[in-house]
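The next block holds one structure in the form of structure tokens; read it before the comments.
Positions are given from 1, in the same order as the sequence printed here. Order of listing sets the numbers, starting from 1, for every ligand and every atom in it.
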Amino acid sequence: MIQDIQPHHYDNAYHPRAPRPGDRFFFYQGGETLLSKATGLPFTWEELPFASGEMPDYTYLFTIDQVGFFWLHTLPAGLEEAALPVKDAAFRTLQPGWLAFASITASQLHRWYQNNRFCGRCGAATEPDAVERAMRCPACGNLVYPTISPAVIVAVTHGDRLLLTKYSPKNRPGSTRNYALIAGFAEIGEPLEDTVRREVMEEVGLPVKNLRFYKSQPWSFSGCLLSGFYCDLDSEDETVTLQEDELGEGTWFDRAELPEGGSPISLTWEMIDRFRRGPV
Ligand SMILES: [Zn+2]
């Protein structure tokens, strides 16, 4: 999965510091990340004109191994030609994987910082808290922590069969090629177990039982924290009733006939693959 970057170690403890040689740097422009055109990767210290010029304003993001990652708020003059703008989707396939994980995680953090420049309660400009990763409003004291949306991925099984879905083209243009599992966001006031039962009922009209938590995954492409569950169909009737504005297809597959393909960076893929190899 995208967060599995061993032997590298992701350290997200909030210990802001100044950039130094060996660190990596992101710029953002028009909703895109600017990578180094020369390498297709986040800029290195050596690629930036720090020695000869002033360092732009920066925000410390996190550390992987000894490498600090920073968002630099403005592109130094003369660097436009050296920059390659990419959309988040590019990080699904960027290599090496640990820099792909760093890049999408940085993008989510940047989006959060940008969305919280002003206090949602009183409208004053916020500033970074000195101790925690949070934006503090100096006018009213409002403290805003990074926004993460909890969501579930659900593999509904019935003996040796697994229910796969495809998004409706109306709902997700361009994302209907691969089979997926049932997925949905937790609502306020709702335990994840209830999210699982509700989403399965809403999307395919089936009751489930024996929920089994598998693994979780930070999915920064959509700002989610995914929790993967297996569960059993609580009925002998496999008839699927599709929520048609959400799904275009819901199909039961025998274990031996599960389709190949999909993205190995995703929890969905790992859960389908795990079921393919035996009971879970
Ligand atoms: Zn405020």
* Structure fact -> Ignoring waters, protein N/O/S atoms under 2.8 Å from the Zn ion (ligand 1) are Cys119 SG, Cys122 SG, Cys137 SG, Cys140 SG
* Is there a donor-acceptor contact under 3.5 Å linking the side chains of His9 and Asp65? -> no
* Only counting residues at least two apart or in another chain, list the ones meeting side chain to side chain contact (heavy atoms under 4.5 Å, CB included) with Trp269. => Pro264, Ser266, Asp273
* To do: Using the test side chain to side chain contact (heavy atoms under 4.5 Å, CB included), find all partners of His73 that sit at least two apart in sequence or belong to another chain.
  => Asp57, Thr59, Trp71
* Asked: Yes or no on side chain to side chain donor-acceptor pair (under 3.5 Å) for Tyr60 and Arg133, after CA distance, side-chain angles and deciding distance?
  -> CA-CA 10 Å; Tyr60 169 80; Arg133 189 186 307 279; 5.9 Å; no
* Asked: Can the positive tip of Arg24 be found less than 6.0 Å from the middle of the six-membered ring of Phe70, inside 45° of the ring normal?
  -> no
N/O donor to acceptor pairs below 3.5 angstrom from side-chain atoms of residues 81-92, sequence neighbours left out:
from	atom 1	to	atom 2	distance (Å)
Lys87	NZ	Glu32	OE2	3.2
Asp88	OD1	Ser107	OG	2.8
Asp88	OD2	Ser107	OG	3.2
Asp88	OD2	Arg111	NH1	3.1

